[in-house]
Amino acid sequence: MFALDDPTGTLQAVWKVKEQLRALLRTGSLEDAAAAKQVLEELVKEAARPETNRLYRTVCRWWKEIEVLIITGATTGKVEANNTAIKNIKRTARGYRNAANYKSVILLRSAVRTAA
């Protein structure tokens with residue numbers, strides 16, 4: 001696919017960087033993560049794109065947090081999903097003048113999400 005659609009090789013180089021970052025985040029140990037980070041650095045240098053350089057700087061800046069993710073596997077995904085759901089409920093419930101009705105809408109929507 002890359003041979004036909006990407007004659008300069010730029011798209012393939014950027015794709016390799018993206019895939020290596022995904023591999024880095026899937027590692028199970030700090031040693032594997034450090035090795036994957038080294039490979040990521042080499043791929044970023046090969047790609048020589050401002051976007052990939054910025055991505056690598058971000059990975060370096062957040063490395064301690066990435067290590068915590070690798071060790072614990074803990075993310076804020078559930079909290080972020082709940083916050084988004086609350087915002088959507090608030091958005092659809094605009095215009096309620098009765099606080100009790102507003103509260104009922106919030107509770108019913110969250111119950112439906114939990115049951116689904």
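All residue numbers refer to positions in the sequence shown, counting from 1.
The structure places CG of Leu43 at 11.0 Å from CD of Glu19, a figure rounded to the nearest 0.5 Å. Thr84 contributes atom OG1, which lies 9.0 Å from atom CZ of Arg91 (distance to the nearest 0.5 angstrom). Of the inter-residue distances, the one linking Leu11 atom CG with Thr8 atom OG1 reads 8.0 Å to the nearest 0.5 angstrom.
Under the rule for a side-chain contact (heavy atoms from CB on, under 4.5 Å), the partners of Glu42 that lie at least two apart in sequence or sit in another chain are Gln38. Residues passing the side-chain contact (heavy atoms from CB on, under 4.5 Å) test with Ala13, sequence neighbours excluded: Ala47. Evaluation of the salt bridge (Lys or Arg N to Asp or Glu O under 4.0 Å) rule for Glu51 yields Arg49 as partners, not counting sequence neighbours. Remark: Lys103 pairs with no residue by the salt bridge (Lys or Arg N to Asp or Glu O under 4.0 Å) rule, at least two apart or across chains.
The residues Lys37 and Glu41 are annotated as not salt-bridged, no charged nitrogen and carboxylate oxygen being separated by less than 4.0 angstrom.
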Could you go through residues 55-65 and list every donor-acceptor pair under 3.5 Å that involves a side-chain atom there, pairing it with any protein atom two or more places apart or in another chain?
residue, atom, partner, partner atom, Å
Thr58, OG1, Arg54, O, 2.9
Thr58, OG1, Arg61, NH2, 3.4
Trp63, NE1, Glu67, OE2, 2.8

Check residues 69-79 and write down every donor-acceptor pair under 3.5 Å in which the side-chain atom is one partner and the other belongs to a residue at least two apart or another chain.
residue, atom, partner, partner atom, Å
Thr72, OG1, Val68, O, 2.7
Thr72, OG1, Ala74, N, 3.1
Thr75, OG1, Gly77, N, 3.4

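Between Gln20 and Lys16 the shortest side-chain heavy-atom distance does not fall below 4.5 Å. You'll find the side chain of Leu21 stays beyond 4.5 Å of the side chain of Val17, heavy atoms only.
Here the shortest heavy-atom pairing between Leu25 and Ile66 reads CD2-CG2, 4.0 Å.
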Residues Ser29, Asp32; criterion side chain to side chain donor-acceptor pair (under 3.5 Å); working and verdict: CA-CA 5 Å; Ser29 71; Asp32 293 343; 3.2 Å; yes
